[in-house]
**Q** 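Please find one structure pasted underneath; my questions will follow.
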Amino acid sequence: MDPMSRGPEEFNHAGDTVGVAGAHAEPGAGPQRSVRDKEPAAPEFAPRPAGLARTVQLVVGDFLLTVNPVDGSEIENCPPGEIPGPAIRRTAAERTESERAARPPLPPGLMTPAPALLERAEERARLVRLLGRGRSVRLTGPAGAGRTALLDAVAGDCAELAPDGVVRLSGHRRGPTELLHELYATVFHTPLHRPDRPTLLDRVHEIGAVVVLDDLEFGGSALEELLMATPECAYVLAATPETPAPHPDSHIEEVFLGGLGRNATLELLERAVDRPLTDEEANWAGDLWFESEGLALRFVQAGALLRQRDRLRGEGSPLDAYGFPVDEPADASVFSGEGREIPLPTLGEGAAPAALLASRLSEAARATLRFAVALGGEVPHQAHLPALIGDTHADAALGELLDSGLLSPVGSRYRLAAGVLTQLESTGYAAGAGERAHSAAQHYAWWTGHPSVTPERAAAEADAVLAAMSALVPGDQDEHPATAVKLARTAAPVFAAGLHWGAWERSLRVGSEAARLTGEVAEEAYFHHELGVLALCNGGLDRARAELEASIALRGALSDKRGTVAGRRALALVEDRSGGLAAPGRSSVGEEVPAARHEEPKALPGMLPPAAVTAQLPDAKATLVTRRDTPVGGAMASLRRRTVFGGARRNLVAAGAGALLAAVLGTVVTLGATSNNNSDDGGGGVKQQQPADEGGSDGSPDADPTNSGDTGATSGDGKGGGPTSPGKPGTTGRPGASGQPVPGTSGSPSTPGHASTGPSAPGTSKPSTSGKPSTSGRPTPSGKPTPSDSGSASPSPSGSTPTVPSTPPSSGGSSPPASTKPPPPSGSASTAPTSSARAGSQPPSPSTSS
């Protein structure tokens, strides 16, 4: 059916009821329905009921992409049987058909022949000669100098130079990657297949063609990338002087295209009006040549002005119903039998003729110009003009505009010629542009979603669709962004299926911005998902991960299970293509975060690092402290959190055992230092402002228990041990935390080198192995060490023999032999001073006992 008509479907079967239960019909007649089952007829412009979504499967590299316009595209690894084989080259006839389709169609009603190519023989011959040698040429000239007409002539002369013929491409709003894909699709026949970049570079490396590239918009390294990817192709590049120059090392010939000479412009005008010019017209053309510097476009438009003047002069004076001449303005002279005398345009009107030309066109042509101004210079296809303007004969307006020189071909469509947009905007054609763009967007939203519109047709109209979409963001009214969301939601899957991925990406970005403005979270999640899939297909894994995570978060907030599953599948594929390595600042599930290796202060015993995550181990009474490098929070906290809880149980047990061993060793160090300081020989005392682990016999596992010498820490004068305070029994010789002497653990002063003696506790047969008094003040049974003293015994004093306890210590690890100092008598002061009081430092953190 004609997509411009919103009537019934094709074959006029709108009232058919195929599959209705109880329907009986005669043979050969259409399905019937009973009177009571008949529904009221729908209005003429009622919305079409939504049918099944059109899904398209594409092979993108080694991915299988299913374009799903409902929940978002699905991507997976392509099965081996679905990967297409080697690309097949198109035949000469197919290339000719492809070239014809790449050129804009000729509008109906256009009778004026194409302008002649004058004074371009030298440039034309030079271009053909350089291309025949395999050289690439950059044709530089101002807008309106006639570059497109010269390229058409050169393309016809080079049709037989290369094995793959002539390939015509348009660089308007296209980058090197898009041009390479278009070149590949023009030479090779690969439906529904978009190769990845390595395969693309390998295929285009074999193409040998003359590439005619008009409206080039990039240069430098991007142009060098295009040339290096196709070494067997010869390019003729048309660009304006504002386009970036090629790379200095690139071997591209420069050909500058200037304006026409005065004689050539006069000849061009005579051919346009098909008659010799009068002296007045020749003088006017000379002034115009001087003003416009001989630009060919200005004289094409000047020829249109002279033709309009001739038509107006040939028309007779308008008459009223009674046959009398109608009153006209005073400046219009009336001549019987000769028509009206129309003055020549002024020099200003000849240099900027768009407004004057448009005023003499039909109403449909002027309406078309207003839509083109609203779309930023993009002219809708002639098939859309009747629906947009509301005139069934509006398709003929495109021929009027092209005949007037107000349009120029760009690829397979038309745009406003150079300078016409600015001239029309200054004369009031931009009034109401927002409403016209809104109407065009509504029309394109219906048209791109119509089942009869193929993806290729929609891709050919992509620039006008994108222009209508972009004009509505942010928009003049509140409903404009909502219409942009609807259009992007409908057009984006069609562009993806048509392999026009540049338009696909731009529509997704405009739609995402419009959805953010309107607050449509579901649509914003869809656009983020599609952008993530697109980035994954293009190899941008980091961008794909960010877009997919944003989409999953938004869909999780909406409880969209199907969309969330599709996003998680694509995200899993991103992680798989990343090599299984998490992004920087993250750790894989079940993997411990390594400690920082850069310069940072070492945490003292009992201190926690500033950024830490504390976790209670399930099987041990210990605390596991790990550094957290990545902050946790935000919408993606559930995906970005990487802690040790995701690991295996054996990792937790191993980490807990390590933390427990560190705590036990710290206790051994502290209590060993305390025991040495409290021993009879006074050795191993720890002075104020001295680390607790300094010295040789500090109770650590590395100390030598068989050393018979003084194993205590040396004082500042090199002698072991420190004297007690004279005259004050029971003190250690150092002030406590408050500056006063700390009382000792026994009632009499200790004598260095002699073990303190005293009555054993009742019920004991052997002295205590602790090396220090019991902290509870009660006798210990069977001489076993108390829980707080296990594994922390100090070496025996000099000259004493270590005593082996009858019962092994409760700790699983080995500990040094304990001293033979007996326990204090019952009832004496038995509370030992803390190690912090002896050392004059802060008390250590409580450690867990084994």
Side-chain angles (χ1 to χ4, degrees), residues 58-59 84-106 113-114 117 120 123-139 147-172 174 176-195 199-216 226-238 253 409-414 454-457 459-460 498-500:
L58 305 174
V59 178
I88 302 176
R89 268 185 166 86
R90 297 181 185 269
T91 62
E94 292 175 342
R95 289 200 306 267
T96 303
E97 179 64 22
S98 176
E99 181 182 358
R100 187 196 61 80
R103 305 187 68 176
L106 191 64
L117 188 64
R120 302 302 187 193
E123 290 87 353
R124 179 177 179 178
R126 184 181 177 188
L127 290 175
V128 174
R129 183 171 60 255
L130 291 174
L131 292 174
R133 297 175 182 175
R135 305 292 298 273
S136 294
V137 190
R138 187 173 187 260
L139 181 63
R147 293 175 287 112
T148 303
L150 181 58
L151 290 181
D152 292 340
V154 172
D157 297 338
C158 300
E160 304 296 333
L161 289 181
D164 290 323
V166 177
V167 178
R168 300 181 62 92
L169 300 177
S170 175
H172 181 66
R174 282 170 173 79
T177 302
E178 295 181 69
L179 292 176
L180 286 177
H181 279 284
E182 291 186 7
L183 176 62
Y184 170 77
T186 304
V187 177
F188 293 97
H189 181 71
T190 54
L192 301 180
H193 178 222
R194 182 181 175 92
T199 306
L200 174 67
L201 295 179
D202 184 62
R203 297 286 172 84
V204 298
H205 193 274
E206 306 172 357
I207 296 178
V210 174
V211 182
V212 178
L213 180 56
D214 199 0
D215 298 314
L216 181 69
L226 177 65
L227 298 178
M228 293 296 293
T230 54
E232 301 298 327
C233 293
Y235 285 85
V236 52
L237 311 168
E253 297 288 340
V410 177
S412 60
R413 66 195 185 283
Y414 293 98
T454 61
E456 291 76 15
R457 288 183 60 190
L499 296 178
H500 194 345

**Q** Could you report the tightest heavy-atom contact between Ala159 and Val166, atom names first, then the distance?
**A** CA-CG2, 3.7 Å
**Q** I'd like to know if Arg126 and Glu123 make a salt bridge, using a cut-off of under 4.0 Å between side-chain N and carboxylate O.
**A** no
**Q** Give me the atom names and distance for the closest heavy-atom approach of Ser412 to Pro105.
**A** O-CD, 3.8 Å
**Q** Could you grab the distance from atom OG1 of Thr230 to atom CG of Leu201, nearest 0.5 Å is fine?
**A** 10.0 Å
**Q** Between Asp157 and Arg129, does any NZ, NE, NH1 or NH2 come within less than 4.0 Å of an OD or OE carboxylate oxygen?
**A** no
**Q** State whether the number of non-hydrogen atoms from other residues, nucleotides or ligands found under 6.0 Å of His172 atom NE2 is greater than 12.
**A** yes
**Q** Quick one: does Arg89's side chain get under 4.5 Å of Val187's, heavy atoms only?
**A** yes
**Q** Between NE2 of His205 and CE of Met228, what distance do you get to the nearest 0.5 Å?
**A** 8.5 Å
**Q** Decide yes or no on side chain to side chain contact (heavy atoms under 4.5 Å, CB included) for Arg168 and Asp152, but give the supporting numbers first.
**A** CA-CA 9 Å; Arg168 300 181 62 92; Asp152 292 340; 2.6 Å; yes
**Q** For the residue pair Gly411 and Pro104, what are the closest heavy atoms and their distance?
**A** O-CD, 3.0 Å
**Q** Any idea which heavy atoms bring Ala234 and Leu131 closest together, and the distance?
**A** CB-CD2, 4.0 Å
**Q** Can you find a pair of side-chain heavy atoms, one from Pro409 and one from Thr148, that are under 4.5 Å apart?
**A** yes
**Q** CG/Leu150 to CZ/Arg124 distance, rounded to the nearest 0.5 angstrom?
**A** 8.0 Å
**Q** Work out which heavy atom in His193 is nearest to a heavy atom in Val59; give both atom names and the distance.
**A** CD2-O, 3.1 Å
**Q** Considering all heavy atoms of both residues, which atom of Leu213 and which atom of Ser170 are nearest to each other, and what is their separation?
**A** CD1-C, 3.9 Å
**Q** Can you measure from CD (Glu99) to OG1 (Thr186) and round to the nearest 0.5 angstrom?
**A** 10.0 Å
**Q** Measure the spacing between CG of Asp164 and SG of Cys233 and express it to the nearest 0.5 Å.
**A** 7.5 Å
**Q** How far does CG of Leu216 sit from CG of Leu179, to the nearest 0.5 angstrom?
**A** 8.0 Å
**Q** After noting the C-alpha distance and the side-chain angles of Leu169 and Val211, does the key distance pass the side chain to side chain contact (heavy atoms under 4.5 Å, CB included) rule?
**A** CA-CA 7 Å; Leu169 300 177; Val211 182; 3.9 Å; yes
**Q** Do Asp214 and Arg147 have side chains that get closer than 4.5 Å, going by heavy atoms?
**A** yes
**Q** Sub-3.5 Å donor-acceptor pair from the side chain of Arg90 to the main-chain atoms of Ala185, do we have one?
**A** yes
**Q** Would you say His500 and Glu178 make side-chain contact, with heavy atoms under 4.5 Å?
**A** yes
**Q** Decide yes or no for Glu97 and Arg100: does some side-chain heavy atom of the first lie under 4.5 Å from some side-chain heavy atom of the second?
**A** yes
